[in-house]
Each structure stands twice: as C-alpha cells, then as structure tokens.
Protein chains: 2
Amino acid sequence: MKKIANFTTQKWKIMSESIKGKYEIRTNPNVSVDCVVFGFDGTELKVLLVQRVLRDNLDIEDDTLVLPGDLIIDDEDLDEAASRILRRLTGIKNIFLEQVGAFGSPDRLSKERDREWLEAVRVRPEARVITIGYFALINIQNYKIRPAGFAKHLEWRDYHTVEELGFDHNEILNCAILKLRDKLYREPIGFKLLPAKFSLHQLYTLYNEIMDAEIDRRNFRRRMLKTGFIKETDEYQEGVPHKPARLYTFVQKEFENVSKNNFKFY
Amino acid sequence: MKKIANFTTQKWKIMSESIKGKYEIRTNPNVSVDCVVFGFDGTELKVLLVQRVLRDNLDIEDDTLVLPGDLIIDDEDLDEAASRILRRLTGIKNIFLEQVGAFGSPDRLSKERDREWLEAVRVRPEARVITIGYFALINIQNYKIRPAGFAKHLEWRDYHTVEELGFDHNEILNCAILKLRDKLYREPIGFKLLPAKFSLHQLYTLYNEIMDAEIDRRNFRRRMLKTGFIKETDEYQEGVPHKPARLYTFVQKEFENVSKNNFKFY
DNA sequence: TTTCAAAGTGTATTTTTTACACTAAGTTTG
DNA sequence: CAAACTTAGTGTAAAAAATACACTTTGAAA
C-alpha cells in the first residue's frame, strides 16, 4: 500500500515539479551503479572511497564511507552511467571501467544509517534499488581526485583496512577484488596500476600484494620478460638509496597479437 | 513529458487497480532477469528458448524466440527472481543459476517486434528495463519442460543454429557461452549436462562441442581420471552397436576438498 | 670505508603437457 | 559365421613449463 501511494499520489507529483524532482525525473529510481576504483601506492593496494553528504547541503551527521555510485539516468547506458557518476563525484574521467555484476538483495539499503541518507537525498527513498558494480584500475599519480556532488570527502583507503561501508558495498568490494585477482592472473593488467615506466620490483610487489602470495622473485622476473609484453627502456630509477633499477614499459601492441584464450600471465 | 504522465497520472492509477495492475504493482518495471539454460543431447549443445505469447491470450502474430525471462518482483532477490521466472515459464525448478551480468543498453527493447509485445503485455511498456542475465546447465532428460505463463512454446534449440532472438538476447546468450567455456575450463561442471552415470566418451564429446576444439582423446581421459573427481562404476553402456563403455560418476565430495584457486580442470 | 638495500643473474630438478598407434570387444552386414 | 564396422581402452617418449635455490653488483647513506 505504501509503495503504491508513493508511485501514484501527491508526493510523487509534488516531487516531480520541484527542482529536485526535475533531476530525479530523468533518474531511474530502481537502478544504480557503484564503482570500485583500485590504486597502488607502491606498497599497498588502495580503494577509492567517498564520505557521503547530502545534496543541497543539508547536513546530517554521517561519516559512513561508501563506494562512489548513484542512480542511473533513464536514457544512458550502464557503462556511461558508471563513467559519469565517477566523474561527477571524483573528477576521474576517461577511465576503463568493467562490470563486476549486479547486486540486488532486497535489503541492501536497509541499514538505518543508509535509510536516513536515502530519505534525505532521494525522491523515492523507499524504492527497491539494484546496483551494478564496476571496477577500474588507475595509476594514483595520474589522476587528481576532487570531491564533488554528494561526495564530501574522498579517500584512498588501504584495501586491507577497509571497515564497514554503507549499503552492501563491502560485498561489492569483495566481488571486485576476486575479479581483480582473477584478471591479474590471466591478463596483463597490473600495469594499469603503475606509472608508464616502472621497475620490475614495483610490478613484483604489486603482484604479491594483490595475490596475497609470495612469488619467487627470479621466476617472476623471467616469466614477465618472457611474455614479450614489457620492454626495457634506457632509463633507471633516480634518487633511490640503493642500486637503481632499470625501468620497463608495457607494450600493448604485443598483447593484442597474442591469442587471448588460454593465456596465463604468470 | 510522456514518461512523467505514465508515472503519475490516470493511466497508472487505472492499471494499479485492474487485475493486471495487481500483478504489476509488485513487479518492478525497471529490472528483469533472463535465463540461458544449456542442455546437451549427446552431440549438440542446446539452449532453451521460449516462443512468446501475450498474457491474457490476446494473440498477436509473433513467432520471435526469446530467452525465458521477465520482470522481477519488488521484494525478491535477483537469484530468486531467476528461479521463479524459469519455473513459471518452463516448469524447471531446483536448478543452480549463476549470474552472467547486467545488460542495460538504453535501446535493448527498441526493435519494433519487441515494442509491440511490450505494449500488449506490460503495464509500463515504455519503461527503461535493464536485465540481469543468468545461466544454468541441466541434464535434458531429468527435466520435463512445459510451457506456461507467456511461453506459448518451448524449444531446445541447437546452440549453433540460434538465429535472431528478441530484445538483446543474442548478446546475453553470447556472454553466457563465454562464461560457460571459461567455467568448463576451470571447474568440473560438465557433469551437470550429463546423466548421473556417463561414459568418458560422452564427457569428451561434450568438451569438444562446447570448447569448439579437438582435444586429444587419450590425454583427455588421463587428465579427467587424474582429477579424482570421477569414479568408475561397475556398470557399462547397454544396447550400443560397439564395445560398451564403462560408466563413471562425478564425486562432488572430492571436488569440495580441493583448493579451488588455481585449479585447472583440463 | 663500511653498511645497507635492493638489483640482477643461471642452473638443475621436477612436473606437466603433448604427440602419437595399435589391440579389444561387441554389433551389424553379407 | 566370417568379415566389417564402431567405439573402448591403453603407454611411452620428448618437449615445455614450473620450481627451488644463493651469490655478486651497485649506488646511497651512515
């Protein structure tokens, strides 16, 4: 009964004529996207989190961290929605996002904190929302993040220290890390987390960190070089308090040529 | 403008009080699921397709084939929705369905044929619908399929002869087959397509068919047996016009014990 | 000049993957 | 009832890949 009322009667009508409503009309009340953006600082795997705040500057006490995400617009593709929302909240653009999956537990929005926030922000706070998870890998240094929209504050959080997030975002994050491990095992994507020129040690550290394993250093180096996807440059590390390592780059072209079917990356 | 009208005004209200409306009220207009059910007849990989017909027996000329799917109900989990819808349309129940991903192109419902059908069947035919794809493997012989709901007719179609389906269902099917290949490579799931007792030749044929490859027969046999997941029985094929093959069974228990991480199944 | 920290390098062993061809057993056909 | 047909069933050798493992080098900092 309550749900019907919200669809049909006064409340909706008023909303749809208000300024908020004007925004919300184009917005699909039932579908959102959430983005898991991974970064790497040389030692730790990081995730980009948002401290949410209300639109219109109404200020509720709420320091809950969430993944950057929002409702989709009715005529935009899911992938576009993910890009748009990430750009709006964090300023990150032109980034490759890949779908992780759909998350649609009926009680995924039912924590009290989350409900308060929805009540304050959404035109139809009670609506069933399923969300599509996306994930991306970026080189932290290449992107300047700046909070916007309802993102009060942005934070690169160590993956291992992430605590309880809003909504079902821990679950989404968890699926994303599994996907990341899976892809890292099979495709040369570790590079995306590193500067264009990187040392093999950086790459090695990254693999160890993400795979949560201790790979043999010499074998790792051999295998990586054997793939042919990374080429040495003439440059070396500078300003390090030890023997400077040679820097390498990833050669996309080589990878394109390989049959991607049974390819194992390490 | 048109969209707002559909949300707010008379049409919706009338609908919500009609019998159709009563069903639709609980239904979420923006989210559906579609199921790719694979079977195997001993030679060919099959997909279960539905020839759609209107609810309420209004009969529009439409022989378009689609995947079994429908809108979700507002308070049910996505997985439950997939089970329910598959059961309602085909009678198949207690089946393991796994998510393939979300499909949300804004024009995924825009073919003319599809629009006609939506207009006739849906309360909000113009609504943006994103769909969540699921896939499942079953042993054809174990399930009696019977059309119900808007399924006028059900059909086990050879995977290779599938032509243009309604909506974006070719795309969903395509993602599902990729997922199937990927899983078949890594997990012992081929058994699900076979009777409880099967010959190694049946399994071999299945792998060849799905992987679209020619695997070495002897090596295949050796590797399968080495996994320890399949155990020989005392039974043999009967009524075959050649030397009868020994039958084997899949032993789930053995698989549970193995670290599933880097496991390669063949 | 010594110490520290990471860079860089090769080999032997084991394991896994691949390629490959004949005999066995039951059914059907002439 | 013998021959032909069809699939079942079996082993080995060679190649490739994965693993385990320890010392020297280089530059900066103390």
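Convention: sequence-line order gives letters A, B, ...; per-chain numbering from 1. Note: hydrogens, waters and symmetry copies are ignored here, and every other heavy atom, side chains too, is used.
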Exercise for the section: If a protein heavy atom is under 4.0 Å from the base, mark B; if only from the sugar-phosphate, S; if neither, -; do that for nucleotides 22-30 of chain C going 5' to 3'. Expected result: --BBBSS--
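Under the 30°/60° scheme for interplanar angles, the aromatic rings of Phe38(B) and Phe135(B) are found to stand perpendicular.
The existence of a salt bridge linking Lys179(B) and Glu98(B) is confirmed by a sub-4.0 Å separation between a basic side-chain nitrogen and an acidic carboxylate oxygen. The pair Glu235(A)-Arg246(A) does not count as a salt bridge, with every side-chain nitrogen at least 4.0 angstrom from each carboxylate oxygen. Between Lys183(A) and Glu187(A) there is a salt bridge, since at least one side-chain N of the basic residue sits less than 4.0 Å from a carboxylate O of the acidic one.
Taking 4.0 angstrom as the limit, His201(B) places a side-chain polar atom (N or O) nearer than this to OP1 or OP2 of dA8(D).
The base of dT12(D) sits within donor-acceptor range of the side chain of Arg222(B), with an N or O pair under 3.5 Å. Donor-acceptor pairing under 3.5 Å, judged by distance alone, is absent between the side chain of Asp216(A) and the base of dA18(D). Side-chain N/O atoms of Arg218(B) and base N/O atoms of dA21(C) include a donor-acceptor pair closer than 3.5 Å.
When rounded to the nearest whole Å, the span between CD1 of Ile215(B) and P of dC20(C) equals 17 Å. Atom pair Lys226(B):NZ and dT10(D):P shows a separation of 17 Å (rounding to whole Å applied). Rounded to whole Å, the distance from CE on Met224(B) to P on dA8(D) is 15 Å. Following rounding to the nearest Å, Phe220(A) (CZ) and dA7(C) (P) show an atom-to-atom distance of 12 Å.
Among residues two or more places apart in sequence or in another chain, the side chain to side chain donor-acceptor pair (under 3.5 Å) test is passed with Asn174(B) by none.
Asp34(B) and Thr131(B) are linked by a side-chain donor-acceptor pair at a separation below 3.5 angstrom, with hydrogens and angles left out of the test.
Residue contacts shown for Arg246(B) are limited to sugar-phosphate atoms, with no base heavy atom under 4.0 Å away.
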